[in-house]
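Working notes, structure below.
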Amino acid sequence: MGLLSQGSPLSWEETRRHAEHVRKHGILQFLHIYRALRDRHKDVLKWGDEVEYMLVKFDHENKKVRLLLCGEEVLQTLQDKGEKVNPNHPTLWRPEYGSYMIEGTPGQPYGGTMSEFNTVQDNMRKRRQEAASVLKENEAVCTVTSFPRLGCPGFTLPECKPTPVEGGASKSLFFPDEAINKHPRFSTLTRNIRHRRGEKVVINVPIFKDKNTPSPFTETFPNDDGEAAKAAKPDYIYMDAMGFGMGNCCLQVTFQACSISEARYLYDQLATICPIVMALSAASPFYRGYVSDIDCRWGVISASVDDRTREERGLEPLKNNHYRISKSRYDSIDSYLSECGEKYNDIDLTIDKDIYEHLIKEGIDHLLAQHIAHLFIRDPLTLFEEKIHLDDANESDHFENIQSTNWQTMRFKPPPPNSDIGWRVEFRPMEVQLTDFENSAYVVFVVLLTRVILSYKLDFLIPLSKEGVFPGLIPVLNSYLENMEVDVDTRCTILNYLKLIKKRASGELMTVARWMREFIAKHPDYKQDSVITDEMNYSLIWKCNQIAQGQAECPELLGVGFNKKQSGNKTGSL
Ligand code: GLU
Ligand code: MG
């Protein structure tokens with residue numbers, strides 16, 4: 001989840017005092033990178049995926065499943081056995097927000113050849129097996145986007161009680177600080193977001209009103225100091241901590257483009273695809289033990305890191321702050337970056353004017369300057385005492401500080417200084433799926449889409465109404481595939497992936513969210529009151545685990561015989 005520096009984290013008050021310094025040097029660092037690398041081109045297309053995992057433990061006797069707070073140790077073991085002993089190890093592991101989470105990526109990026117699409121699922125399977133191999137009996141790695149009983153009493157192992165008093169990170173009534181990764185970045189972010197905002201974060205998700213759901217649906221919060229009573233809305237599931245958002249798992253893809261202009265073009269084109277792919281990947285219908293009325297995590301994370309003050313949110317006249325800001329730091333993009341996107345930039349963009357002018361004076365074009373000046377309206381949220389004074393020509397921590405806490409649907413990533421990495425874009429909206437098959441399908445779909453966009457010079461920014469009949473994305477991908485030399489096995493793999501996506505889009509197959517809803521609705525214990533009990537949670541996650549392991553079929557979700565890899569038919573023909 002971004003830059004991980006070591007050192008002594010500063011309080012919000014101290015960090016705030018250095019905000020101008022961080023912004024100023026962040027811009028100088030960006031300018032150094034830009035000047036050195038603006039003309040870099042002919043980089044090959046490389047890409048990689050990131051899968052976020054939860055660690056769980058099943059208690060079969062008591063029919064409970066809990067989140068295991070041992071991500072840090074598991075991560076250490078995985079790194080010690082993998083990348084630390086073998087630089088060519090096929091997997092890489094990184095920390096994530098929850099101390100019950102880990103993140104896995106392929107050891108090396110994938111390249112531009114079609115046959116590499118055929119290795120994605122194998123690599124994801126390796127990751128899952130590798131992580132599982134360092135766990136104990138009844139423990140499992142699990143790719144669910146939101147853990148249905150996250151924040152319910154006793155949802156962690158070891159069991160930890162939340163401490164809703166000032167002094168810790170979240171001050172949450174539900175989410176204990178022990179469930180936050182021990183790396184100081186994560187708890188500091190949590191505390192500083194809350195301090196900057198001036199109150200706890202507020203997440204209200206509409207509850208799904210079932211036959212027996214109380215109406216209005218309201219809750220009382222015994223340890224509340226008054227904040228929850230004020231913030232919780234009737235008929236909404238109320239949550240009060242960053243962990244409810246950043247403690248969810250997603251699936252991301254990063255591309256290295258051949259040049260800065262290709263990266264900017266891809267950024268724009270993919271931005272328009274984000275909401276569609278997010279909807280197709282919907283996998284998170286449950287929050288804090290309740291059935292909600294939403295299917296995707298996005299709005300929850302957005303609220304979970306919303307550090308804007310009341311002034312910035314427009315609730316009070318501006319006095320201490322500079323701007324009204326219309327969105328959280330975690331949200332959709334606000335401006336296009338490529339020339340063909342310029343005419344569609346119709347949102348009022350809040351920018352830091354001084355930074356914008358500085359960038360223009362230094363020769364940065366308007367679109368890029370306003371993009372950066374928009375990201376830089378934000379304050380740094382974490383700062384380490386040892387990392388205040390940096391060498392702007394060779395380090396980029398201050399730039400990354402602001403950049404990596406702007407969590408938008410797309411991220412435009414300048415190369416790190418002194419590296420051989422090119423200009424990249426990151427595609428961030430997808431929810432993680434239950435199986436390696438589905439996750440590979442979504443990833444390959446997005447990567448193929450970039451190939452098609454680049455080779456056919458597609459422009460999704462043209463309103464579809466002007467195109468007559470739009471053939472749809474899948475036929476365009478298929479026609480691209482027909483013109484490519486692809487071996488039979490890879491073609492078969494890709495076609496299976498595209499079939500999954502097509503059937504999810506048409507409604508013939510369920511999204512994970514829909515399937516989970518039906519699972520709960522049909523559960524014998526479910527009382528049609530929107531409540532997910534420990535036992536229901538246990539059977540759901542157990543089922544998810546069995547599906548992910550290939551031990552249970554799930555035709556409503558995956559179709560029949562789609563997954564040739566799991567069914568063992570390696571040479572399947574068309
Ligand atoms: N877990 C976050 C999500 O579900 C993303 C964190 C990251 O950027 O790695 O979107
Ligand atoms: Mg991540």
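Ligands are counted one by one from 1 in listed order, and the atoms in each one are counted from 1 as well. Throughout, residue positions are numbered sequentially from 1 according to the sequence presented.
The main-chain N or O of His398 is found under 3.5 Å from a side-chain atom of Gln29 such that the two form a donor-acceptor pair. Without hydrogens or angle criteria, Ser172 side chain to Asp240 main chain gives no donor-acceptor distance under 3.5 Å.
The proximity of Trp298 to ligand 1, defined as any non-hydrogen pair under 4.0 Å, does not occur for either the backbone or the side chain. The side chain of Ile301, and not its backbone, has at least one atom closer than 4.0 Å to an atom of ligand 1 (non-hydrogen atoms only; side chain from C-beta on).
Residue Tyr330 approaches ligand 1 through these ligand atoms, each under 4.0 Å from one of its heavy atoms: 3 (C), 10 (O). Near Cys250, meaning under 4.0 Å from one of its heavy atoms, ligand 1 places the atoms 2 (C), 3 (C), 4 (O), 5 (C), 10 (O).
When all heavy atoms of Arg194 and Gly168 are compared, the pair lying nearest together is NH2-O, 3.2 Å. Of all heavy-atom pairs spanning Val432 and Glu52, the tightest one is CG2-O, 4.1 Å.
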Report task. Check the pair Ile388, Leu10 against side-chain contact (heavy atoms from CB on, under 4.5 Å), reporting the backbone distance first and the verdict last. Result -> CA-CA 10 Å; Ile388 297 175; Leu10 299 181; 4.0 Å; yes
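Counting heavy-atom neighbours within 6.0 Å of Arg514 CZ, excluding the residue itself, gives a total of 12 or less.
Within the protein, the N, O or S atoms sitting under 2.8 Å from the Mg ion (ligand 2) are Glu52 OE2, Glu96 OE2, Glu103 OE1.
Of the polar atoms of Arg428, at least one N or O is found under 3.5 Å from an N or O of ligand 1, judged by distance alone. Residue contacts with ligand 1: Glu96 is placed with a nitrogen or oxygen under 3.5 Å of a nitrogen or oxygen of the ligand (distance criterion only).
Remark: Asp379 engages Arg23 in a salt bridge, criterion side-chain N to carboxylate O under 4.0 Å. Salt bridge Lys182/Glu73: present, at least one basic N to carboxylate O contact under 4.0 Å.
Distance check, rounded to the nearest 0.5 Å: CZ of Phe399 to OG of Ser404 gives 9.5 Å.
When the options Met246, Glu103, Met101, Gln252 are ranked by their closest heavy atom to atom 7 (C) of ligand 1, first place goes to Gln252.
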